[in-house]
Structure formats: C-alpha cells, structure tokens
Engineer: 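Starting off with a structure, shown below.
Side chains included, hydrogens not; waters and symmetry mates left out as well; all remaining heavy atoms used. Atoms within each ligand, like the ligands themselves, are counted from 1 in listed order.
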Amino acid sequence: MNASAEDLLQLSAPRVLGLDVLSQLPLGMTFQAALIAANDGAITTLRECQLRRLGQAESTQVDCTVSPLNSHKGRELSIVELSQVEQLSKISRHNWLEEKQSAFAQIVRSLAHEIKNPLGGLRGAAQLLDHELSDPALREYTRIITHEADRLSDLVDRLMGGSRGIKSEPFNLHSVIEHVRKLTLVETPQGLNFERDYDPSIPEVIGDQEQMTQAILNIVRNAVEATRGKGNILLKTRVRRQKTLRNHRHRLVVEASITDDGPGIDDQIIDRIFFPMVTGRADGTGLGLAITQEIVRRHDGVIECTSRPSETCFSVFLPVGHST
Ligand SMILES: Nc1ncnc2c1ncn2[C@@H]1O[C@H](COP(=O)(O)OP(=O)(O)O)[C@@H](O)[C@H]1O
Ligand SMILES: [Mg+2]
C-alpha cells in the first residue's frame, strides 16, 4: 500500500498488513465485488464504487481497477488501483446525461405534435359520420373512434408536459407535499406509512404549484406502487446553500426528497428511468417520471435518483430566487 492509498483509505500500511481484504477491511460492497470479479484472472475495472472509510459516515467515490498477477508461492496476487472520482467529472457526466435526455425529450415533443394534428381530423370526421348514422349499433363504432382519439390526444398532451403554460407564483413546497400525502392516503388507505422530516425554514419557491403537485405525485405514486401500498415513505425537505443547478450557481436551493423502502429500481432501466415510455411495470406507461422531469426542468430545477434495495430516493432541487 503506497502513501496515497494510506491517505485515501485512512489506514496505515502496517495496520493493514496481514488482514483479510474481503472480511477485515472496511472497503464497501462494490469494491469487494471488483476483487472477487478479478479472481478469474481478468483485469477488472469498476467505475464509481462507493468507498466507505473507517469511522466516516460519508462514502467516497472511486474508480477501482484490479489486475491479477502471476501467483507467487501458491498465493494469488493482485494489484488494486484506486482513483478518486473528481467532483468535476461527476458533474460533467451529469450534464452529459441531461443533454442526452433533453435531446430525446425534443424528439418526443416533435413526434407528439405530428401525432396530434391528424388526430383532430380523425375525430372531426368520426363526429360528422356519427351525425349521418341512424343505426345505434353503427354509432357505437364512431363512439369508439372518438373516444380513442381523445385518449390518444390526452396521452400526447401529457407527453408534452401538459398543453398549458407554466404559472409563476410563489408557493410553499410543504403544502404541495402535504397535499400529495393526503391524496395518496385516500387512494391507498391500508398499510401505507408516511414519515415526515420537514425543515420549517424553507423559503417559498416561484412557479406553478399545480404542476409541481403533479410532479411530486408521480414520484410518490411510484413509491406506493413499488412498496405495494404497504411501505414506508419518507418525505423530507432541506435548504441547500451554494448549489449548482443546470450550470447556474444558486445561493439558495430547496430540496424535497421522497425515499421508499421498496425493492429498488430495476438495474435494467435505472439509466433510462426519466425517458418517456420506459417502464418496469406491465401496466405502466413510463410517462410519470418523464413528466416530472419536464416540470422540474421548467422550474429551472434538477431531479436526481439513487436506488438500492429498500432505499430508493428521488430528490428534487429547486432554486430560490435568482442565480448568481
Ligand atoms: N420508487 C421506485 N421504486 C422502484 N422502481 C421505481 C420507483 N420509481 C420508479 N420506478 C421504476 O421506474 C419505472 C418508470 O416510472 P414512471 O416513469 O413513473 O412510469 P410508470 O409508473 O408508468 O411505469 C417504473 O415502472 C418502475 O419500474
Ligand atoms: Mg409512474
């Protein structure tokens, strides 16, 4: 172990000597997984592993490369290289993802527009036809056409994040969250448990209270579905100072987070979770989080998500006042 490894791990080399790497060093699960993966002789790199250091609550992110060496006197030897992931590269990765998502959202919006125009014609024609028909059995068909056209048009509206513009009025985030909580309790009375950890000092934000309610509701509904209506959901608010959102530094940002103790987000979709039409449920539309993200974006905010079994957290960050 070299000096910078001692520094990074907050362990001294003599103390580590002779300890079992897997069971006696506090290195975190992903890091151990890299070691195990390297056991079959391949060079393995795991990116953005969580490294928990002795006696520290916060974990650090590292990229971890394990290169097996030839065995020596019957022992397996490996070189482990750890490089700390800079905050900066995390941010740029974040921006890249956001750009990709916004390009995608743009495609969806233009596609939605192209679908909506002919729908209007279709609906109008069905209505004209309906007036010409006297047989109620045939009018049933025109009714279906109109109904389905309305349904599609409604879907497209939701895809575009609603057809209305966004209001710009001060509102209290707690009343939004409380409204969502009560609504959800009415929808799911049995078993669901909400815990609240509100920071009473959070300032009001400017925007569209109704749309923000929809945004938070989509997150909470997913949490309810993930926990099958019987989970614990933590609603938390905090003030953050000097935080960068969408390349702008804000003196004051409010954070609302929703954490559930469900099974966690499926690995297969976690990278695309905010894209429209991405769903892990048989009856899902995959629109909920896409709409939420669009609404948060319209408020110059950012939404983030972390997930592991029994702890899935969505955090919405909204700026208070102007950026500096
Ligand atoms: N709290 C959560 N726990 C587990 N999975 C989640 C959670 N929130 C979202 N997901 C996953 O993300 C998918 C997309 O969510 P969403 O965009 O709301 O669409 P939908 O709910 O229609 O599937 C869900 O189907 C689910 O698989
Ligand atoms: Mg949903």
Engineer: Can you tell me if Asn218 has a non-hydrogen atom under 4.0 Å from ligand 1?
Structural biologist: no
Engineer: Return yes when Gly264 approaches ligand 1 closer than 4.0 angstrom through a heavy atom, no otherwise.
Structural biologist: yes
Engineer: I want to confirm something. Looking only at heavy atoms, which of Ile258, Thr285, Thr259 is nearest to atom 22 (O) of ligand 1?
Structural biologist: Thr285
Engineer: Please work out, at 4.0 Å between heavy atoms, whether the side chain, the backbone, both, or neither of Thr312 comes within that distance of ligand 1.
Structural biologist: side chain
Engineer: Do Ser307 and Thr312 have side-chain N/O donor and acceptor atoms under 3.5 Å apart?
Structural biologist: yes
Engineer: Considering the heavy atoms of Asp260, write down every atom of ligand 1 situated less than 4.0 Å from one of them.
Structural biologist: 1 (N), 2 (C)
Engineer: Just how far is it from atom CZ of Phe314 to atom CG of Asp260, taken to the nearest 0.5 Å?
Structural biologist: 8.0 Å
Engineer: How many angstroms lie between CD1 in Ile265 and CD1 in Ile270, if you round to the nearest 0.5 Å?
Structural biologist: 4.5 Å
Engineer: Do the charged groups of Glu225 and Arg221 touch, with an N to O distance under 4.0 Å?
Structural biologist: no
Engineer: Name the orientation class of the two ring planes belonging to His299 and Phe171 (parallel below 30°, tilted from 30 to 60°, perpendicular beyond 60°).
Structural biologist: perpendicular
Engineer: With a 6.0 Å cut-off (strictly less than), is the heavy-atom count around CG of Asp267, excluding the residue itself, greater than 12?
Structural biologist: no
Engineer: Which atoms from ligand 1 have a heavy atom of Ala226 less than 4.0 Å away?
Structural biologist: 2 (C), 3 (N), 4 (C)
Engineer: Do any N/O atoms on Gly280 end up under 3.5 angstrom from N/O atoms on ligand 1?
Structural biologist: yes
Engineer: At a non-hydrogen distance cut-off of under 4.0 Å, which region of Phe274 contacts ligand 1 (side chain, backbone, both, or neither)?
Structural biologist: neither
Engineer: Would one find an N or O of Gly284, backbone or side chain, under 3.5 Å from an N or O of ligand 1?
Structural biologist: no
Engineer: Check whether any heavy atom of Ile269 sits under 4.0 Å from an atom of ligand 1.
Structural biologist: yes
Engineer: Could you tell me whether ligand 1 has any atom less than 4.0 Å away from a heavy atom of Asp266?
Structural biologist: no
Engineer: Would one find an N or O of Ile273, backbone or side chain, under 3.5 Å from an N or O of ligand 1?
Structural biologist: no
Engineer: For the Mg ion (ligand 2), decide whether Asn222 has an N, O or S atom at a distance under 2.8 Å.
Structural biologist: yes
